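Below you'll find the structure, written out as structure tokens, and then a few comments.
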There are 2 protein chains.
Amino acid sequence: MTRTHPSRVAASGPAPTGPDVRPLRADARRNYDLLITAADAAFTEFGADASLDDIARRANVGIGTLYRHFPTRDALLAAVLDEGTAAIVARATELLDAPSPSLGLARWLEALGGHVTMYRGLTEALAASYATKDEPLCRGCDAIAAAGAALVRRAQAAGELRADVDPRDVIMAVHAAAWVGEQTKDPDAPARLLAAMLVGFRDDSGAPAAKSRPRRARGRT
Amino acid sequence: MTRTHPSRVAASGPAPTGPDVRPLRADARRNYDLLITAADAAFTEFGADASLDDIARRANVGIGTLYRHFPTRDALLAAVLDEGTAAIVARATELLDAPSPSLGLARWLEALGGHVTMYRGLTEALAASYATKDEPLCRGCDAIAAAGAALVRRAQAAGELRADVDPRDVIMAVHAAAWVGEQTKDPDAPARLLAAMLVGFRDDSGAPAAKSRPRRARGRT
DNA sequence: ACCTGAACACCGTTCAAGT
DNA sequence: ACCTGAACACCGTTCAAGT
């Protein structure tokens, strides 16, 4: 039983409508679609770290075929998210016409929060790829970042947001709040924390200089 | 090469100084200590998801012995963190005497941020256990939560923090900022986000009602 | 009472063989 | 050109056999 995510756009059938639609052989195209559908179902049921073997099995496709189409998990995830990414970007341009800049921004951040929590564990994958560019998953990052930046700058121009706030911080705030939502049982915690950050981005009162010192540990490869 | 974490207390030798120190056979005790030492090294080098096999190998101990002493990864993690947890709690009682309540709180949150980033990936493990109680890793959670709550209430009593702020939200804010620090390359991002949240917790101006709707996905078991 | 390590289950990834 | 699935490497966990 897969419940539907609030931010899911009416699944208009799997469609590789990316900018790079080179022609595929008929069977390859069919397998691509089967994989997208199976992946969406598996990610929905098990989270962003669902078994790739299982996805291939659901799609009635050899595991090698999955790897041929999507050399990495992130590539598959990116493909599945394509529609949602496009929807978020479109929503941003809509909201640029909202009467209140800050409210328009808030609405968009709400939509973005829904998008990055489409699958359990997705926030983490997205945030990580957002940091280390050139990852396949970050294919839509620039578009989303640009869309968000436009809304942020509009709110800043209207004096409804501090001028020195980095638009990327605002987007990161949504990810952080979404992450909290995955960790805690309190369904309102993400909203409270995001609201607090937005107040902090708006008000000019000097915050106490609380620094957190993240550790730069060596990766395990 | 393992770098030293800023918040690491001078490693005064591995010591199971927990409240439940039932006597162990000499060899068992020795293995316990070897495992703690090896685990700390492995977690430092590879993060909180270091290979348990590798830890047992480093300790010159069978993998079964590791599981006998620490039935779960979280149990091992909790044991390794014991010293740090005690230090954080002690620091809180110290800071209850700080001249400025809000500054004392800020200093403590700084220390807490260091603690939860002792190993890469630790923030996530801690935050998750913080939500779902009774986990072994959350052995020190109550103590830390209580210590933080005292500092929060002191700041609230002094009017330096909004009265309706949940102390757990403040602690969660530190975790969220620490998580951001693990995702991004920008070393100042966690400090900026935490500062913003603290301003939001202090100021009374109604924030735009930006809600993020977390998804309650079914676990994979 | 405690230790050991083989055995099992599982997953990701590659690649030689097929069509 | 694309598909398949066996093969490999790796990891977590258990448990029968040992001391």
Side-chain angles (χ1 to χ4, degrees), chain A residues 16 20-39 42-43 45-80 120-121 124-125 128 135-137 219-221, chain B residues 16 20-39 42-43 45-80 120-121 124-125 128 135-137 219-221:
Chain A
D20 48 351
V21 273
R22 31 157 215 199
L24 285 176
R25 223 169 63 178
D27 56 344
R29 166 60 192 250
R30 173 165 165 73
N31 282 340
Y32 182 99
D33 290 348
L34 286 171
L35 281 168
I36 292 284
T37 302
F43 289 149
E45 189 171 355
F46 301 120
D49 57 347
S51 160
L52 297 181
D53 252 311
D54 184 46
I55 291 175
R57 220 173 302 135
R58 282 170 185 243
N60 283 339
V61 148
I63 181 64
T65 303
L66 185 152
Y67 275 93
R68 159 168 277 264
H69 282 291
F70 309 102
T72 166
R73 173 186 297 274
D74 279 0
L76 177 55
L77 215 36
V80 173
R120 180 165 42 88
E124 180 132 32
E135 290 230 358
L137 182 49
R220 195 184 179 184
T221 314
Chain B
D20 50 351
V21 273
R22 34 157 214 200
L24 285 177
R25 223 169 64 177
D27 57 343
R29 166 62 191 250
R30 172 166 165 72
N31 282 340
Y32 182 99
D33 289 350
L34 286 172
L35 281 167
I36 292 284
T37 303
F43 289 149
E45 189 171 357
F46 301 119
D49 57 347
S51 161
L52 297 181
D53 252 311
D54 184 47
I55 291 175
R57 222 174 300 135
R58 282 170 184 243
N60 283 340
V61 148
I63 181 66
T65 302
L66 185 152
Y67 275 93
R68 160 167 276 263
H69 284 291
F70 309 102
T72 166
R73 173 186 296 274
D74 279 1
L76 177 54
L77 215 37
V80 173
R120 181 164 41 89
E124 181 132 32
E135 291 231 358
L137 183 48
R220 196 183 177 183
T221 315

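Chain identifiers are assigned alphabetically (A, B, ...) following the order of the sequence lines, protein sequences preceding nucleic acid strands; residue numbering begins at 1 within each chain. All values reported here derive from a predicted model rather than from experimental measurement.
- Annotation: side chain to side chain contact (heavy atoms under 4.5 Å, CB included) contacts of Ala56(A) (sequence neighbours excluded): Ile63(A), Leu66(A).
- For dC10(D), the OP1/OP2 oxygens have no side-chain nitrogen or oxygen of Ser51(B) closer than 4.0 Å.
- Contact detail for Ala42(B) and Ala50(B): the closest heavy-atom pair is O-CB, 3.7 Å.
- In this structure Asp27(B) satisfies the side chain to side chain donor-acceptor pair (under 3.5 Å) test together with Arg25(B), sequence neighbours excluded.
- Residue pairs that meet the side-chain hydrogen bond (donor to acceptor under 3.5 Å, both in side chains) test with at least one member in residues 58-68 of chain B, sequence neighbours left out, are Glu45(B)-Arg58(B), Asp54(B)-Arg58(B).
- One distance of note links CG of Leu76(B) with CG of Leu137(B); it measures 10.5 Å at 0.5 Å rounding.
- The two residues Phe43(A) and Arg73(A) come nearest to each other via the heavy atoms CE2-NH1, 4.1 Å.
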Under-3.5 Å N/O pairs linking protein and nucleotides 4-7 of chain C:
unit_1 : atom_1 : unit_2   : atom_2 : d
dT4(C) : OP2    : Gly62(B) : N      : 2.9
dT4(C) : OP2    : Thr65(B) : OG1    : 2.9
dG5(C) : O6     : Gly64(B) : N      : 3.3

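- Taking every heavy atom of both residues into account, Ala48(B) and Leu77(B) meet most closely at CB-CD2, 4.2 Å.
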Watson-Crick and G-U pairing of DNA chain D written in dot-bracket, each distance under 3.5 angstrom, with | for inter-strand partners: ||.|||||...|||||.||
Between protein and nucleic acid, restricted to nucleotides 17-19 of chain C and to nitrogen or oxygen atoms under 3.5 Å apart, what atom pairs and distances do you find?
none

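- In this entry the distance linking CZ of Arg58(A) with P of dC11(C) reads 12 Å, nearest Å.
- Ranking dT14(D), dC2(D), dG12(C) by closeness to the Tyr67(B) side chain, first place goes to dT14(D).
- We find the OG1-CD1 distance between Thr37(A) and Ile55(A) to be 11.5 Å, quoted to the nearest 0.5 Å.
- OP1 or OP2 of dC3(D) has at least one side-chain nitrogen or oxygen of His69(A) nearer than 4.0 Å.
- Ring geometry for His69(A) versus Tyr32(A): interplanar angle over 60°, hence perpendicular rather than tilted (30 to 60°).
- Nearest approach of Phe70(A) to Ala79(A), heavy atoms of both residues: CE2-CB, 3.7 Å.
- Summarising the geometry, the separation between CZ on Arg73(A) and C1' on dG12(C) is reported as 9 Å, rounded to the nearest angstrom.
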